[in-house]
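Take a look at the structure below.
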Amino acid sequence: MAEATDKQPHLYLVDGSSYIFRAYHQLPPLTNRHGTPAGAVYGYTAMLWKLAASLEQEDGPSHLAVILDASSNTHRNQMYDQYKANRPPPPEDLVSQFPLIRVATRAFSIPCIEEEGLEADDIIACYAKAASAKGWRTTIVSSDKDLMQLIDDQVDMLDTMKDRRIGRPEVIEKFGVGPERVGDVLALMGDKVDNVPGIPGIGPKTASQLINDFGDLETVLASTDRITKPKLKQSLIDHAADARLSRQLVELVCEHPLPEPLDDLRLKGIPPEPLREFLEDQGFKTLLARMVGGTSATRNVPVQSLRNDVKPSSAAPVPSGTGRGEVERITVDRTLYQTVTTLDALDAWIAEARNQGFVALDTETDCIDCIVAKLAGISLATQPNKACYIPVGHSGADMFSAAPDQLAKADVLARLKPLLEDPAVLKIGHNLKYDLVMFAKVGIAVAPYDDTMLLSFNLDAGLGSHGMDELAKLHFEHECIAFKSVCGTGQKQITFDKVPLDAATEYAAEDADITLRLWQRLKPRVAAEHVAQVYEMVDRPLSATVARMEQRGVKVDRGYLSKLSGTFADEIAKLEAQVHEAAGGPFTIGSPQQLGQVLFERLGLKGGRKGKSGSYSTDVNELERLAGEGVDVARLVLDWRQLTKLKTTYTDALQAQINPDTGRVHTSYGLAMAQTGRLSSTDPNLQNIPIRTELGRQIRDAFVAEPGHVLMSADYSQIELRLAAHMADVPQLKEAFRAKEDIHSMTAEELFGSVDRDTRNRAKTVNFAILYGISSWGLAGRLGISREEGKAIIDRYFERFPGISSYINDTLAFAREQGFTRTLFGRKTHFPNIRSPQMNLRQGSERAAINAPIQGTSADLIKRAMNRIDAALSKAGLPDVRMLLQVHDELVFEVPKGQEERAAEVVRAVMSGAAEPAITLDVPLDVEVGWGEHWGAAH
DNA sequence: GACGTCACG
DNA sequence: GACGTACGTGACGTCT
């Protein structure tokens, strides 16, 4: 191939100084052959390699240079002596790598440009301007936001770590303004790291809003009379000079003569020497191997081999075979959908469903809450594009319009019941739990069934959510009709039973149509990807189990809650007065911002700023610290916080959630929400009712049984640690569980050689840390010790329980290889970021991947128990014992008085044996059971 | 709607 | 140049 003479020259400018900082933080602390730190240099070298490799590519460089900061003393320091004054010195093991950057660049025979008195940003600006003047394109390799000012039609940026191009649209996305106004926005918001002052109280959002409203900085400063918010206005007036200074500091200088002429930056190819020598010297074996293996017949550059195997790892974080597969183009023709208004038409649909043995269905209602919802209509689909809607509960748009022609609800349900209960016809739904409740309310027990939401959850957990609209887009690139486009939104929103039948048919029939297509696409993957066990034995049957629990609800004592609300309100009022008194004036205690100002400015307490908003942290740790130092107001605020939390989230909200028809609270369980396979609970969340403090615990007493009944609670003891002992195969832990020893004391003995309250507590913390994917830093923070001490404890843990470290290593190796983890029952959880080049993303995924098999197996077990419990109770002659709630490792039942002992034994047996017969655990699953008049007394 | 905070396992 | 220090959730109040 000829050299790139015929194409437009394309200059790449590498912001070397900023690159090496990022590389340092994102790569592990590697050392080179000489034992000196070289992680950042390696990252830098790999980046240059990648760039050089794209020489011949469409968008690759024809000219390339690396730009470095020559000195810290620049014209900006003369302008403002505080410029970059806050910046901490770089870490030592990074400083030692700075000179190597120049060596590495020379090894590539790439020009390395630096200029006394100019920052790299300014040099880049000069070159970009000069290149544009000659009609060249320029790509700035950096992610520095200051440089985004330079972007235009000819200039873009490239973030090689995220493998992302940044052009005008990306700038607008980030700043809300085009590149030409970025300088004004930066001047308003300032920059902590460079110590550019900006205007206090103005962050990115406000800054871009102001510039958009007024045009530029000077106009903003001149228009303060038009600004309505008093604080903002005053701040702008007070700090106008700071803003002008900031504007100058962020301005890039592009009038300087070029240190080297543009044409000298041409990239012709990389001579093998001295690159090979450099790679050998540093011991960068991977790159060296590529260089040798990729010898090209046509030229002496490593280009050919690079293109094939140096894929940017960030671009393909998900290993092959774990994605959701290719998009299948479909054509949805909504004109083919039918509105069924005659019994003959209905019978024809039922006959077709019977004939082929499966049918997709969906119900439409007048409300999202399936417990109170009334049926509006039912849609069916038998083939792609062959779907119908059967309205049964539609009314006119208002009280003056007549209801549309439709079949009688009772007739339709009478015809559908045999079909929906026919064991020879598979019913397919999406989030079928909702429909199961709707049909159960009219005496129809839908079976057998498949659920496409659960199919997607079991196949692709971790890769996205599992709503139908999203799945249609993902698998078919099809946009479903939006609910709000049919029913409107906000004040004007109407309920589905008011929607005209033609629009209702298009919307509802499409849902059944898409459900059918999703089923056709997803179902074959169940066997192929080995999730049949978890789907068939855990999640699919759980739909019906949970539907029953939701329908039952739990009785809540409104009078008791109301009284509690009153008591809390009095306490809150008292505390509020005391806090205001101590603060020297009223303010909104619930506003972290105002509270921070009161504590750390008005009262002058010492405390650090935290968070990117620049506001003070006032969380429980910070306030506990102050309270411990004898700051009474901190204790008062903590008490106020606890009481308002209890009142608003529990005593008030729970009363409002009592269903007027049943007098009970019916939560909704999310079956496909938590990535690990746990359930979640919403409207209200009954999985986070207080228990840890005495005050909060009173809320539990509001959960009561019907007269003549008690509430019974059964919970797995230490289930996650038991599973860890089994899965990691740790003999001492397994033995301790078999012998019913106290596991935290036993750990304390192993770790610290003695057992007292302190060592036991610390051992308990360590045990949890293991489950959550440990880091020495995190453990140190929790235990209030140094990182080194934290690391020593972890090392000792691994040494005493070697199974744990091999479990972690094996789990991570598997996850990196496959992109997902599995529970003992085969449940998959995907981790698309497990190989991300971004350290924080990657490490977060690693911790989650260590935890997921354990948390997920625990979820599998309790779900299996739940699926079996109703039948086991009936078989034991206890059909009136009703399972009501699940709280991850706990089940709550309503039990007729006199049946407690027998119910306890049945429940205990089912829960303890939940792994069998699929799995035999090496540890017993102990279950603790208690009961009483209310939930609080059942523990 | 984002953020901070806090309730649970 | 920033982020975030343990995993998984959901709800509320404030502020923009």
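Numbers restart at 1 for each chain; the letters A, B, ... are given by sequence-line order, proteins then strands.
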Under 4.0 Å between any heavy atoms, over every strand shown, what does A:Q843 touch: base, sugar-phosphate, or nothing? Just pick one. nothing
If you check every side-chain atom of A:H888, which of C:dG1, C:dG8, B:dT5 has the closest atom? C:dG8
Ignoring hydrogens and geometry beyond distance, is a side-chain donor-acceptor pair present between A:N833 and A:S845 at under 3.5 Å? no
To the nearest angstrom, how far is A:L721 atom CG from C:dC7 atom P? 17 Å
Tell me what A:G781 touches on the nucleic acid: a base, only sugar-phosphate, or nothing, going by heavy atoms under 4.0 Å. nothing
Round to a whole Å and report the spacing from CG of A:N685 to P of B:dG9. 11 Å
Quick one: which of B:dG9, C:dA11, B:dA7 gets closest to the side chain of A:D889? B:dG9
When every non-hydrogen atom of A:F831 is compared with those of A:A849, the smallest separation belongs to CZ-CA, 3.5 Å
Classify the side-chain pair A:Q642/A:T693 by whether it contains a donor and acceptor separated by less than 3.5 Å. yes
Do the charged groups of A:R635 and A:E624 touch, with an N to O distance under 4.0 Å? yes
From the list B:dG9, B:dC6, C:dG1, which nucleotide is the closest neighbour of the side chain of A:V887? B:dG9
Nearest-neighbour nucleotide for the A:Q855 side chain, C:dA6, B:dG9, B:dA7 considered: B:dG9
Send over the distance from A:L638 CG to B:dT5 C1', rounded to a whole Å. 12 Å
Which listed nucleotide (C:dG8, C:dT5, C:dG10) is nearest to the side chain of A:M673? C:dG10
State which of C:dA11, C:dG1, C:dC7 makes the closest approach to the side chain of A:D144. C:dG1
Quickly work out the A:L885 CG to C:dT9 C1' distance and round it to whole Å. 16 Å
Which residue lies more 5' along DNA chain C, comparing A:I774 with A:S591 via nearest heavy atoms: A:I774
Taking atom C1' in both B:dC6 and C:dC3, what distance in whole Å separates the two? 22 Å
Between CD1 of A:I850 and C1' of C:dC7 the distance, given in whole Å, is 10 Å
Classify the nucleic acid contact of A:A852 as base, sugar-phosphate or nothing, counting any heavy atom under 4.0 Å across all strands shown. nothing
Is the cationic atom of A:K828 (NZ for Lys, CZ for Arg) positioned less than 6.0 Å from the six-membered ring centroid of A:F820 and within 45 degrees of its normal? yes
Nearest-neighbour nucleotide for the A:K145 side chain, C:dA11, C:dG1, B:dG9 considered: C:dG1
Which ones in residues 686-699 of chain A lie close to DNA chain B, meaning a heavy atom under 4.0 Å from one of its atoms? A:Q687, A:N688, A:I689, A:P690, A:I691, A:R692
By nearest heavy atom, map A:D121 and A:A674 onto DNA chain C; which one lands nearer the 5' end? A:D121
Between C:dA6, C:dG10, C:dG8, which nucleotide gets closest to the side-chain atoms of A:L779? C:dA6
Heavy atoms under 4.0 Å, any strand shown: does A:S845 hit a base, just sugar-phosphate, or nothing? nothing
Between B:dG1 and C:dA6 - P atom distance, rounded Å: 30 Å
When all nucleic acid strands are considered with a 4.0 Å heavy-atom cut-off, which category describes A:S681: base, sugar-phosphate, or nothing? sugar-phosphate
Rounded distance (Å) that lies between atom P of C:dT5 and atom CG of A:L783: 17 Å
Looking just at side-chain N and O atoms, do A:T823 and A:D860 make a donor-acceptor pair shorter than 3.5 Å? yes
Can you find a donor-acceptor N/O pair under 3.5 angstrom joining the side chain of A:R847 to the base of C:dA6? no
Give one of base, sugar-phosphate or nothing for A:T618, where a contact means two heavy atoms less than 4.0 Å apart. sugar-phosphate
Grab the two heavy atoms, one from A:G16 and one from A:Y44, that are nearest each other, plus how far apart they are. CA-CE1, 4.3 Å
Please confirm whether the shortest side-chain N or O distance from A:S680 to OP1 or OP2 of C:dG10 is below 4.0 Å. yes
Aromatic contact, A:H934 with A:F703 (centres under 6.0 Å): no
Exercise: identify the closest heavy-atom pair between A:S858 and A:L723: N-CD1, 3.4 Å
With respect to the phosphate group of B:dC6, does any side-chain polar atom (N or O) of A:R641 fall under 4.0 Å of OP1 or OP2? yes
Using whole Å, what does the distance between atom P of nucleotide B:dC8 and atom CD of A:Q886 come to? 17 Å
In dot-bracket, 5' to 3', how would DNA chain C read with Watson-Crick or G-U wobble pairs under 3.5 Å, [ ] for crossing ones and | for pairs to another strand? ......|||||||||.
When the ring planes of A:H466 and A:F457 are compared, do they come out parallel, tilted or perpendicular, using 30° and 60° as the limits? perpendicular
Just checking A:Q209: base, sugar-phosphate only, or nothing, at a heavy-atom cut-off of under 4.0 Å? nothing
Heavy atoms only: give me the nearest A:I589-A:H580 pair and the separation to one decimal. CG1-NE2, 3.9 Å
Could you tell me whether the side chains of A:E928 and A:H939 share a donor-acceptor contact shorter than 3.5 Å? no
What does A:D715 touch in the nucleic acid at a heavy-atom separation under 4.0 angstrom: a base, only the sugar-phosphate, or nothing? nothing
